[in-house]
Amino acid sequence: MSIQKPKGTQDLLPGEIEKWQYLENKARELCRRFNYREIRTPVFEHTELFQRGVGETTDIVEKEMYTFQDKGDRSISLRPEGTAGVVRAYVENKLYGEPDVSKLYYIGPMFRYEQPQAGRYRQFHQFGIEAFGSVDPGIDAEVIALGYSFYREIGLKDVTVEINSVGNPAVRAAYREHIQRFFAPVKDQLCKDCQSRYDRNPMRILDCKIDQKFCEGAPTIVEHLDEECRTHFQAVQDHLAAMDIPYRLNPRLVRGLDYYTHTAFEYKAAGIGAIDTIGGGGRYNGLVGQIGGNDQPGVGLGLGLERILLVLQAQGVEIPAAKPLDVYLIGLGEAAEKETVKLLQQLRMQGLSAERDYQSRKIKAQMKSADRHRATYVAILGEDELAKGEITVKAMATGEQETLPLAGFAAALAARLRA
RNA sequence: GCGGUCGUGGCGAAGUGGCUAACGCAUCGGAUUGUGGCUCCGACAUUCGAGGGUUCAAUUCCCUUCGAUCGCCCCA
């Protein structure tokens with residue numbers, strides 16, 4: 001048996017990769033307009049970073065990390081998400097010393113050890129942004145708007161934005177007790193998952209599909225927000241309204257990472273089987289301090305590129321195809337073939353995409369290749385043409401043929417293609 | 001970590017305890033001495049994910065394993 005790719009990973013082959021490049025180009029272009037600048041951080045970090053940043057009790061850290069000892073006996077983990085590494089880089093490189101808010105974006109692979117299914121892989125890719133240094137609710141709204149704009153510009157339809165406030169740590173601790181008190185009488189009747197959630201993360205019970213009947217009248221965190229949290233949350237909503245970003249309040253929205261404070265949000269779309277979340281994020285005001293920096297507030301998001309691609313496909317959204325080949329160069333006979341090597345280079349230096357046959361095949365086979373490459377022009381150089389210092393050029397769409405002088409033929413074709 | 005379905009040429013797919021393992025697409029060659037897309041003809045799996053077992057005989061039955069896929073948990 002030959003070696004296969006590890007479970008949950010993918011080879012992105014030509015034909016498919018164009019879609020990725022399209023998404024990545026759109027992301028970069030959007031970030032330019034919103035004035036976010038790219039940052040690239042390692043795909044592996046010290047395990048402790050994720051333990052501290054993402055949270056010891058999260059599923060991600062408890063059971064989904066790719067962790068190993070390196071040869072120096074350090075515990076290393078492949079990054080399961082993007083924020084922790086960016087925060088670390090922000091702190092380590094003292095970006096907080098800059099006068100303005102630091103607005104950063106990244107695109108890259110993340111790793112989680114899970115059973116693959118539709119829209120879930122062990123290596124997956126995220127486009128994410130982080131903004132450090134401001135508690136202004138306008139930044140929360142901007143982050144949400146950037147994600148929403150991204151979906152729109154790549155042609156995704158029916159994306160829902162759900163937002164919630166998870167308050168600050170004090171509010172959350174108090175709310176946790178309210179929830180536990182509420183469910184205490186029915187604790188024994190909850191599903192077995194929710195029984196463990198009761199202690200670990202009681203807010204998640206509200207999200208359970210099985211136990212909805214017990215959730216009737218459950219306290220929501222929004223009801224328990226303090227003045228500061230409430231004001232912030234309201235301001236975020238006002239900003240979204242001002243930007244015409246449609247959103248839905250979801251008082252039961254709870255994210256799986258420990259670091260969120262205040263704003264939490266998710267983007268949802270149908271089309272990936274059982275999964276509907278295609279992106280999410282929120283504010284994390286205590287995180288930078290926990291990672292060891294001077295405490296700067298932050299807010300960010302992460303969007304799943306695989307999931308976006310799946311939804312795009314489900315919606316039948318066409319992604320612009322790769323450009324066809326400009327010229328396919330056919331050389332017939334040894335002398336002419338030799339000459340094509342030179343001509344090919346000239347064509348390419350003129351900025352044209354150009355290809356030839358490398359197997360000395362017959363003209364018929366070469367024409368077929370040209371057709372397969374969707375070549376705009378075929379240039380044929382045979383013994384006759386070579387002797388006369390000419391070359392035959394055929395426009396594939398019309399079948400029309402003409403003879404051009406060999407000298408300056410590359411430039412002439414380039415001019416024709418530009419017209 | 002748990003559960004369902006699946007695994008036959010480059011791709012899609014039929015099939016059966018013993019026949020030469022259908023067919024379609026793609027590919028290659030020819031009809032057409034230097035011209036693609038259409039048509040016709042021909043070629044193309046000692047082999048049915050891997051390992052083991054049952055049997056005179058296994059692609060087919062059994063076990064194990066790996067993988068794919070979908071779902072649970074959770075999330076992108």
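Worth saying up front: this structure is predicted, and the values here are computed from it rather than measured. In what follows, every chain begins at residue 1, and chains take the letters A, B, ... in the order their sequences are listed.
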Between atom [atom1] in [X] and atom [atom2] in [N], what is the gap in whole Å?
{"X": "A:Ile363", "N": "B:U32", "atom1": "CD1", "atom2": "C1'", "result": "12 Å"}
{"X": "A:Asp59", "N": "B:C2", "atom1": "CG", "atom2": "P", "result": "16 Å"}
{"X": "A:Glu114", "N": "B:G3", "atom1": "CD", "atom2": "P", "result": "18 Å"}
{"X": "A:Arg120", "N": "B:A76", "atom1": "CZ", "atom2": "C1'", "result": "9 Å"}
{"X": "A:Tyr121", "N": "B:G67", "atom1": "OH", "atom2": "P", "result": "16 Å"}
{"X": "A:Gln401", "N": "B:G36", "atom1": "CD", "atom2": "C1'", "result": "11 Å"}
{"X": "A:Asp357", "N": "B:U35", "atom1": "CG", "atom2": "P", "result": "16 Å"}
{"X": "A:Met367", "N": "B:G36", "atom1": "CE", "atom2": "P", "result": "6 Å"}

Notebook entry, point to check: Within the distance-only criterion (no hydrogens, no angle test), does the side chain of A:Thr67 pair as donor or acceptor with the backbone N or O of A:Ser77 below 3.5 angstrom?
Noted result: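 A pair under 3.5 Å: no.
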Margin query: When you measure from the side chain of A:Glu81 to the backbone of A:Ala84, do you find a donor-acceptor pair of N or O atoms at a distance under 3.5 Å?
Written below: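 Side chain of A:Glu81 to backbone of A:Ala84, a donor-acceptor pair under 3.5 Å: yes, one is there.
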Check: Which residue lies toward the 5' end of RNA chain B, A:Gly273 or A:Ala395, if each is placed at its nearest nucleotide?
Finding: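 This one resolves to A:Ala395.
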Notebook entry, point to check: For RNA chain B, whose closest nucleotide is more 5', that of A:Ala274 or that of A:Pro6?
Noted result: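 Mapping each residue to its closest nucleotide by heavy atoms, the 5'-most match is A:Pro6.
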Next item on the list: Assess the pair A:Phe183 and A:Tyr198: is the distance between their ring centroids shorter than 6.0 Å?
Entry: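 No, the ring centres sit 6.0 Å or more apart.
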Next item on the list: Would you confirm whether the ring centroid of A:Phe127 sits within less than 6.0 angstrom of the ring centroid of A:Phe150?
Entry: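 Between A:Phe127 and A:Phe150, which both carry aromatic rings, the centre distance is below 6.0 Å.
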Next item on the list: Give, for atom CG of A:Asn164 and atom OG1 of A:Thr263, the distance between the pair rounded to the nearest 0.5 Å.
Entry: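 That separation rounds to 9.5 Å.
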Next item on the list: State, without any angle test, whether A:Ser75 and A:Glu48 hold a side-chain donor-acceptor pair at a distance under 3.5 Å.
Entry: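 No.
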Quote, to the nearest angstrom, the [atom1] distance that separates [N] from [M].
{"N": "B:G51", "M": "B:A14", "atom1": "C1'", "result": "27 Å"}
{"N": "B:A58", "M": "B:C70", "atom1": "C1'", "result": "30 Å"}
{"N": "B:U55", "M": "B:G18", "atom1": "C1'", "result": "12 Å"}
{"N": "B:U46", "M": "B:C11", "atom1": "P", "result": "14 Å"}
{"N": "B:G24", "M": "B:U65", "atom1": "P", "result": "40 Å"}
{"N": "B:U5", "M": "B:A21", "atom1": "C1'", "result": "24 Å"}
{"N": "B:G29", "M": "B:C23", "atom1": "P", "result": "22 Å"}
{"N": "B:U60", "M": "B:C48", "atom1": "P", "result": "9 Å"}

Notebook entry, point to check: For A:Lys364 and B:G36, is the shortest distance between a side-chain N/O and OP1 or OP2 below 4.0 Å?
Noted result: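 For A:Lys364, the contact criterion (side-chain N or O under 4.0 Å from OP1 or OP2 of B:G36) is met.
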Margin query: Strictly below 4.0 Å: does A:Arg372 bring a side-chain N or O up to OP1 or OP2 of B:G37?
Written below: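 It does not, given that no N or O in the side chain of A:Arg372 lies less than 4.0 Å from OP1 or OP2 of B:G37.
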Note to self: Identify the stems formed by RNA chain B, where each pair is Watson-Crick or G-U wobble with both distances under 3.5 angstrom and a stem is at least 3 consecutive pairs.
What the structure shows: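 B:1-7 with B:66-72, B:10-12 with B:23-25, B:27-31 with B:39-43, B:49-53 with B:61-65 - these are the stems of 3 or more pairs that involve RNA chain B.
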Margin query: Any carboxylate oxygen within less than 4.0 angstrom of a Lys/Arg side-chain nitrogen, looking at A:Glu177 and A:Arg172?
Written below: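 The answer is no: the pair does not qualify as a salt bridge.
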Next item on the list: Measure up the A:Phe132 and A:Tyr90 rings against each other and bin them: parallel (under 30°), tilted (30 to 60°), perpendicular (over 60°).
Entry: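 A:Phe132 vs A:Tyr90 ring planes: parallel.
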Check: Is a donor-acceptor contact shorter than 3.5 angstrom present between the side chain of A:Gln117 and the base of B:U69?
Finding: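 Counting by modelled atom types and ignoring angles, no donor-acceptor contact under 3.5 Å is found here.
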Item checked: Quiz item: A:Gln115 side-chain donor-acceptor pair to B:G3 base, under 3.5 Å ->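 No such pair is found, so the answer is no.
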Considering only [options], which nucleotide approaches the side chain of [X] most closely?
{"X": "A:Thr277", "options": "B:G36, B:A76, B:G71", "answer": "B:A76"}
{"X": "A:Thr392", "options": "B:A31, B:C70, B:G34", "answer": "B:G34"}
{"X": "A:Asp371", "options": "B:G29, B:G36, B:A76", "answer": "B:G36"}

Next item on the list: Would you indicate what A:Lys7 reaches in the nucleic acid, counting non-hydrogen atoms under 4.0 angstrom: base, sugar-phosphate, or nothing?
Entry: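 Answer is sugar-phosphate: A:Lys7 comes under 4.0 Å of backbone atoms only.
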Check: Do we get A:Arg122 above A:Tyr66's six-membered ring, with its NZ or CZ under 6.0 Å from the centre and within 45° of the axis?
Finding: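 Geometry flag: not set, cation outside 6.0 Å or 45°.
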